[in-house]
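No experiment lies behind these values; they were computed from the predicted model shown.
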Amino acid sequence: RWVLSLQCKGSRNFMGALRRAVEVDFKDKDKHKSQGIYLLTTGVPDQETHTVSAYVAEVCRGFDLQLHVCLFSVMEDIDSSGIIPARYANPTETAIAYKEIVQAASGRFHWFGEAGIFESDDITVIVSEIEKANNYSQKCAFLVESLKQRS
């Protein structure tokens with residue numbers, strides 16, 4: 001089930017948008033099977049990270065849902081309308097803030113830009129699984145080789 005799209009209209013009022021999503025779509029939480037909220041963003045929220053993290057942890061725990069963030073880093077500091085956000089952070093600081101927020105919500109974090117993927121929890125899991133499979137494959141090859149030598 002998809003939740004409505006929320007736009008902050010020139011700001012990054014993350015908590016206002018999250019409140020709206022929770023109040024509008026999750027009032028009757030027993031009737032809904034939603035498990036996640038996906039935030040697509042280009043910058044740090046207007047509110048302080050620790051405040052957002054605490055709010056997100058409380059809301060997500062109360063509704064048994066996860067918040068996932070897709071951060072798209074753009075090279076310009078000002079959006080196309082020329083509006084400077086109320087709170088500014090460079091791309092690395094922004095990624096750190098969203099990672100903290102996502103951890104509070106037991107969600108996943110993805111960071112990409114025009115140059116490609118900088119970081120993705122999903123890709124990290126896939127790479128880990130590939131490394132495990134490779135490790136098991138090597139162990140099996142050593143075991144087969146040792147059994148051949150014994151016979």
Side chains of residues 119-134: which donor-acceptor pairs under 3.5 Å do they make with residues two or more places apart or in other chains?
from   : atom 1 : to     : atom 2 : distance (Å)
Glu119 : OE1    : Lys99  : NZ     : 3.3
Glu119 : OE2    : Lys99  : NZ     : 3.4
Ser120 : OG     : His110 : ND1    : 2.7
Ser120 : OG     : Asp122 : N      : 3.4
Ser120 : OG     : Ile123 : N      : 3.4
Asp121 : OD2    : Phe109 : N      : 2.7
Asp122 : OD1    : Arg108 : NE     : 2.7
Asp122 : OD2    : Arg108 : NE     : 3.4
Thr124 : OG1    : Ser120 : O      : 2.9

**Q.** Phe112 and Phe118 aromatic centres sub-6.0 Å
**A.** no
**Q.** Of all pairs that satisfy salt bridge (charged side-chain N to carboxylate O under 4.0 Å, His left out), the ones with a partner from residues 135-151, not counting sequence neighbours
**A.** none
Q) Which residues, ordered by chain and number, are linked to Phe142 in its hydrophobic cluster, where ILVMFWY side chains connect at heavy-atom gaps below 4.5 Å, directly or through other members? A) none
Q) Hydrophobic clusters join Ile, Leu, Val, Met, Phe, Trp and Tyr when side-chain heavy atoms are under 4.5 Å apart, directly or via other members; which others share one with Leu147? A) Leu143
Q.
Evaluate Leu67 against Phe14 for side chain to side chain contact (heavy atoms under 4.5 Å, CB included), listing each step before the verdict.
A. CA-CA 12 Å; Leu67 170 72; Phe14 175 85; 3.6 Å; yes
Nearest heavy-atom neighbours spanning [X] and [Y]:
X      : Y     : value
Gln47  : Met15 : OE1-N, 3.6 Å
Leu18  : Ile37 : CD1-CD1, 3.6 Å
Ile101 : Pro45 : CD1-CG, 4.1 Å

Q. Can you name the residues that form a ring-ring contact (aromatic ring centres under 6.0 Å, His included) with His68, not counting sequence neighbours?
A. Tyr38
Q: Measure from the side-chain N and O atoms of Tyr98 to the backbone N and O of Gly43, and report whether any donor-acceptor pair falls under 3.5 Å.
A: yes
Name every donor-acceptor pair, under 3.5 Å, that has one atom in a side chain of residues 50-58 and the other anywhere in the protein, sequence neighbours excluded.
from  : atom 1 : to     : atom 2 : distance (Å)
Ser53 : OG     : Thr49  : O      : 3.1
Ser53 : OG     : Glu100 : OE2    : 3.4

